[in-house]
2 protein chains.
Amino acid sequence: MRYSPEHKSTKRKHLLAVAGAESKKKGFAAVGVDGLMQAAGVTSGAFYSHFSSKNELFKALIEMELQDSMQMLVGNPHQDLAAWLDHESDRYLTMSHVRHPEAGCALPALGAEIARADDSVKQIYQQQMLEARDMLASRLGDNTAAWGFMAQCVGALLLARAMPDEDMQQEIIQAGRQFLQRAITETDGDSAEAATGPQ
Amino acid sequence: MRYSPEHKSTKRKHLLAVAGAESKKKGFAAVGVDGLMQAAGVTSGAFYSHFSSKNELFKALIEMELQDSMQMLVGNPHQDLAAWLDHESDRYLTMSHVRHPEAGCALPALGAEIARADDSVKQIYQQQMLEARDMLASRLGDNTAAWGFMAQCVGALLLARAMPDEDMQQEIIQAGRQFLQRAITETDGDSAEAATGPQ
DNA sequence: GTCTATACGCGGATAGAC
DNA sequence: GTCTATCCGCGTATAGAC
């Protein structure tokens with residue numbers, strides 16, 4: 001046979017990787033099937049032997065991207081809360097992440113497009129986000145801190161990327177770090193008590 | 001004369017309002033000049049008597065939207081910090097705002113598109129955001145709190161809107177409120193001292 | 001599984017009549 | 001200022017040969 005048994009699944013992974021980078025850079029809607037397949041080294045007709053539609057690609061893409069993000073969170077080795085937070089800030093709230101959306105988190109780049117997508121995409125998003133929430137809540141004390149942490153990270157990156165000047169990007173990123181420190185390491189004891197107390 | 005002297009500027013404002021709502025709902029890139037002018041009750045050829053290109057429309061749109069948002073911030077009458085924060089949460093971190101992007105803040109809906117736009121758009125964004133930062137810093141103590149507040153609001157709305165289930169949207173919005181309370185009202189004294197102290 | 005060719009619609013933008 | 005008509009390119013998707 002001309003194509004190995006694993007060729008299709010290998011090619012699919014490659015397509016997802018290319019589509020992820022292109023989408024985060026230009027927006028999913030702006031990425032054409034034609035340009036995508038050209039970047040992958042094949043012609044556009046071949047696309048539909050891997051995905052039945054562009055929406056199916058989006059579903060697979062969001063799932064893969066958020067699974068990758070989850071792996072990053074799981075990979076944080078620190079037990080101490082302050083050290084854990086520093087580790088996350090050092091990988092997420094950085095100028096490199098601001099400058100290179102194609103290699104970064106899908107949420108600041110594609111969040112608004114997920115919000116406009118159909119329910120099948122949103123269901124995949126929700127499932128992945130709940131995993132992340134639970135993982136973060138076990139570290140940070142409660143769901144409030146988990147969602148607050150994620151919203152701060154995503155929001156800061158979004159606001160920073162739209163800035164034309166580097167020093168303003170830097171200011172926002174730095175503010176995100178400090179704000180999280182204030183919110184998480186300085187109020188942790190209180191909030192943990194409040195979470196287990198009566199309500 | 002068939003058209004009053006103010007007709008053009010009136011029509012321009014109307015076009016911006018329609019374009020703003022449509023863009024926040026579907027994404028700016030997805031809004032066609034044709035559909036836009038149809039929604040405004042005229043034909044597509046008339047568009048270019050108001051804007052020289054679609055990019056010029058985007059610039060005018062972002063400026064108008066962020067000026068509107070600034071007016072909302074200025075309109076908060078409360079002196080007490082906790083009351084001020086409640087007022088902001090009650091108008092921004094709500095289910096109504098999650099459900100109706102077309103009537104809400106431009107940043108969660110269009111932030112990623114601003115980040116991909118050319119520098120002329122980003123400059124307008126930066127100018128407006130610096131005004132908002134300064135206004136917020138005077139209320140919240142320092143730039144860190146100002147950016148942190150904005151990032152939390154924008155990020156929470158973005159994450160919530162992509163959720164398919166209402167109760168999850170509600171959970172994220174509610175977490176945003178509580179997180180801001182913890183971060184701003186509970187650490188305000190410390191951070192204000194830190195901001196004026198040596199460093 | 002991948003190729004070429006193609007159908008069909010919508011995107012932004014322009015020309016010239018009224 | 002607005003209209004109609006039109007140019008041209010790119011979008012998704014499909015059919016059929018190899």
Side-chain angles (χ1 to χ4, degrees), chain A residues 1-62 110 113 116-118 120-121, chain B residues 1-62 110 112-114 116-118 120-121:
Chain A
M1 60 184 78
R2 289 185 60 195
Y3 302 99
S4 70
E6 297 87 8
H7 184 216
K8 187 168 181 177
S9 93
T10 301
K11 196 86 192 177
R12 183 187 155 100
K13 279 174 192 162
H14 180 60
L15 281 178
L16 281 176
V18 173
E22 287 283 289
S23 298
K24 287 185 283 185
K25 193 175 181 181
K26 306 175 183 175
F28 181 74
V31 173
V33 171
D34 201 71
L36 177 66
M37 298 305 278
Q38 223 168 308
V42 286
T43 54
S44 65
F47 174 82
Y48 294 92
S49 63
H50 295 279
F51 303 97
S52 62
S53 72
K54 211 190 167 193
N55 193 58
E56 290 299 309
L57 169 64
F58 198 36
K59 284 162 62 176
L61 184 58
I62 295 303
L110 301 178
E113 291 192 85
R116 293 179 194 119
D118 65 37
S120 63
V121 177
Chain B
M1 63 185 77
R2 290 185 59 196
Y3 300 100
S4 69
E6 298 88 7
H7 184 216
K8 187 169 179 178
S9 94
T10 301
K11 197 83 192 179
R12 184 188 154 100
K13 279 175 192 162
H14 181 61
L15 280 178
L16 281 176
V18 173
E22 287 283 290
S23 298
K24 288 184 284 186
K25 193 175 178 180
K26 307 175 184 174
F28 181 75
V31 173
V33 171
D34 201 72
L36 177 65
M37 298 306 279
Q38 223 168 311
V42 286
T43 54
S44 65
F47 174 82
Y48 295 91
S49 62
H50 295 279
F51 303 97
S52 62
S53 71
K54 211 191 168 195
N55 193 58
E56 289 300 309
L57 169 64
F58 198 37
K59 283 161 63 176
L61 184 59
I62 295 303
L110 302 177
E113 291 191 85
I114 300 173
R116 293 179 195 119
D118 65 37
S120 62
V121 178

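Since the structure is predicted, the reported quantities are computational estimates derived from the model, not experimental observations. Every chain is numbered from 1, with letters handed out A, B, ... down the list of sequences.
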**Q** Which residue pairs pass the salt bridge (charged side-chain N to carboxylate O under 4.0 Å, His left out) test with at least one member in residues 46-58 of chain A, sequence neighbours excluded?
**A** A:Glu56-A:Lys59
**Q** In whole angstrom, what separates B:Lys26's NZ from C:dC10's P?
**A** 12 Å
**Q** Quick one: bend of the helix from C:dG1-D:dC18 to C:dC18-D:dG1 from 5 pairs per end, to 10°?
**A** 0°
**Q** Specify the separation, in whole Å, of atom CZ of A:Phe58 and atom C1' of D:dT12.
**A** 16 Å
**Q** Is there a donor-acceptor pair closer than 3.5 Å between any side-chain N or O of B:Glu113 and the backbone N or O of B:Gly27?
**A** no
**Q** With sequence neighbours left out, what residues match B:Ala60 under side chain to side chain contact (heavy atoms under 4.5 Å, CB included)?
**A** B:Arg12, B:Leu16, B:Phe51
**Q** Take atom CZ of A:Arg12 and atom C1' of C:dG1, then tell me their distance rounded to the nearest Å.
**A** 15 Å
**Q** Any salt bridge (charged side-chain N to carboxylate O under 4.0 Å, His left out) involving residues 16-26 of chain A? Give me the pairs, sequence neighbours left out, ordered by first then second residue.
**A** A:Glu22-A:Lys26, A:Lys24-A:Glu65
**Q** So if I take every side-chain heavy atom of A:Ser53 and compare against D:dA13, D:dT2, C:dA13, which nucleotide ends up nearest?
**A** D:dA13
**Q** Minimum heavy-atom separation for B:Asp34 and B:Ser44, please, with both atom names.
**A** OD1-CB, 3.2 Å
**Q** Using whole Å, what does the distance between atom P of nucleotide D:dT14 and atom OH of A:Tyr48 come to?
**A** 7 Å
**Q** Specify the separation, in whole Å, of atom CG of B:Asn55 and atom P of C:dG11.
**A** 18 Å
**Q** Side chain of A:Lys11: nearest nucleotide among C:dT2, D:dG11, C:dA13?
**A** C:dT2
**Q** Which nucleotide in the list D:dT12, D:dT2, C:dT2 gets nearest to the side chain of A:Val33?
**A** D:dT12
**Q** Can you pull the ring-ring contact (aromatic ring centres under 6.0 Å, His included) pairs that have at least one residue in residues 16-44 of chain A, sequence neighbours excluded?
**A** A:Phe28-A:Phe58
**Q** Just how far, in rounded Å, is P of D:dG9 from CG of B:Asp34?
**A** 20 Å
**Q** In whole Å, what is the span from the CZ atom of A:Phe47 to the P atom of C:dC3?
**A** 14 Å
**Q** Rounded to whole angstroms, how far apart are CZ on A:Phe28 and P on D:dG11?
**A** 12 Å
**Q** Which value, rounded to the nearest 0.5 Å, describes the distance between A:His14 atom NE2 and A:His50 atom NE2?
**A** 10.5 Å
**Q** Between A:Ser49 (side chain only) and A:Ala46 (backbone N and O only), is there a donor and an acceptor less than 3.5 Å apart?
**A** yes
**Q** Who are the side chain to side chain donor-acceptor pair (under 3.5 Å) partners of B:Asn55, not counting sequence neighbours?
**A** B:Asp118
**Q** Listed in order of residue number, which residues of residues 35-46 of chain B have a non-hydrogen atom at under 4.0 Å from DNA chain D?
**A** B:Val42, B:Thr43, B:Gly45, B:Ala46
